[in-house]
Amino acid sequence: MGILPILALLALAVVTISNVGATELDISFYEFSCPDALAIVQRGVHSAMQEDRRMPASLLRLHFHDCFVNGCDGSNLLDDRPGFVGEKTATPNLNSARGFNVIDKIKQQLEEICPETVSCADIVAIAARDSVFLSGGPFWDVELGRRDALTTSKNAATNAIPRPTFNVPQLIASFNAVGLDEKDVVSLSGSHTIGKARCTSFQARLYNQGNSGRPDPSLERSYLAELQHRCPQNGDGNVTSPLDPCTPAVFDNQYYKDVMAGRGLLLSDQVLDTTPGTTLQLVEAYAHDQGKFFHDFAASMLKMSSHHVLSSNHGEVRRNCRIPNAENH
Ligand code: HEM
């Protein structure tokens, strides 16, 4: 299917949200300096997903991992080099973060038509939105004008990105640290309606939850059996399973239905429904009302994407997303 029919099909899902909080960013930031920027990113995402159905999920996660570590500044795109260890080898990213080549390809095209204009951080923010939309999810106007970080650290990524073993208070605390709240935890966790996780990210739940010597009792029995078959004890931790086993490549509210049925893949997914309180109420609300999920998801993405960004004369617009300009000769 070409891009136009897909867009026509998905236009039904368009949600319009405006973010009153972010004053430094502007949806028409590239209107004159690079008018084709948004179209180029969308074409890049679309062609990448034709080759790899998982790519939209990976691009969405790249933006999340960027924003949680010192704000959305393209810091997670920097390669390690002599004397510099960046975020790529931090536990949440190692053998897991994907999509760097897709961002590189889009960046190269943009450098050809508008050199040193569109930041890597903005490319990832637009690519995340397009990934959601082209997978059947909501559309929102991306606020633009972020600049790219000059440096970063592995430690920052290790500490700031929430872990799949977190309980609800720990999830809320890690979101609070980047200006997000409990509702954002639940709506943004809905990203796990697409993409995959490795056995290593949920293995403990299958055999020895919380050192109990038993599987997590909140896992539905046949799902547990399926996952144990896929991820045997001492098996290959890099084998992957879909985060949403029912509709793994469609951005919908099936994730919340999975979680309510004991089919949340990560512990951090399942606890949203097994912990009494607000998160449980929101899981149920989103499971019953996809429109509410789409609306809240878009609003939370806008919040996450605009927290603590570099703008005006801070940072730089990298020519190559993997290397700071000063070292790119
Ligand atoms: C609530 C806290 C969160 C935790 C603990 C968490 C953890 C994880 C883990 C462990 C994986 C699988 C990684 C692997 O095994 O290789 C994953 C995948 C994913 N996460 Fe999250 N995540 C969280 C929130 C988010 C948010 C806020 C987003 C986006 C806004 C997101 C988007 C994704 C996507 C799309 C994937 C699949 C990526 C792919 O297939 O390449 N996650 N997450």
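Numbering starts at 1 and runs along the sequence shown. For ligands, and for the atoms within them, numbers begin at 1 and follow the listed sequence.
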> Does any N/O atom on Arg98 come nearer than 3.5 Å to any N/O atom on ligand 1?
Replying inline: no
> By side chain to side chain donor-acceptor pair (under 3.5 Å), which residues pair with Ser131, not counting sequence neighbours?
Replying inline: none
>> Testing Gln203, Gln209, Arg205 one by one against Tyr207 for a side-chain contact (heavy atoms from CB on, under 4.5 Å), which residue passes?
In response: Gln203
>> Counting non-hydrogen protein atoms only, what is the nearest one to atom 35 (C) of ligand 1? Give residue, atom name and distance.
In response: Ala57 O, 3.1 Å
>> Using heavy-atom distances only, which candidate in Ser58, Gly237, Pro56 approaches atom 41 (O) of ligand 1 most closely?
In response: Ser58
>> Side chain or backbone, does Ser268 bring an N or O within less than 3.5 Å of an N or O on ligand 1?
In response: no
> What's the shortest distance from atom 16 (O) of ligand 1 to any protein heavy atom, and which residue and atom give it?
Replying inline: Ser96 OG, 2.6 Å
>> Can you list, by chain and residue number, the hydrophobic cluster partners of Ile27 when the side-chain cut-off is 4.5 Å?
In response: none
> Which ligand 1 atoms does Phe175 reach within 4.0 Å, using its non-hydrogen atoms?
Replying inline: 1 (C), 2 (C)
> For Asn101, what residues pass the side chain to side chain donor-acceptor pair (under 3.5 Å) criterion, not counting sequence neighbours?
Replying inline: Arg322
> Near atom 21 (Fe) of ligand 1, which protein N/O/S atoms are found at less than 2.8 Å?
Replying inline: His192 NE2
>> Given Phe297, which partner from the list Phe139, Phe251, Tyr286, Phe133 fulfils the ring-ring contact (aromatic ring centres under 6.0 Å, His included) test?
In response: Phe251
> Hey, looking at atom 2 (C) of ligand 1, which of Pro248, Pro162, Ala128, Ser131 has the closest heavy atom?
Replying inline: Pro162
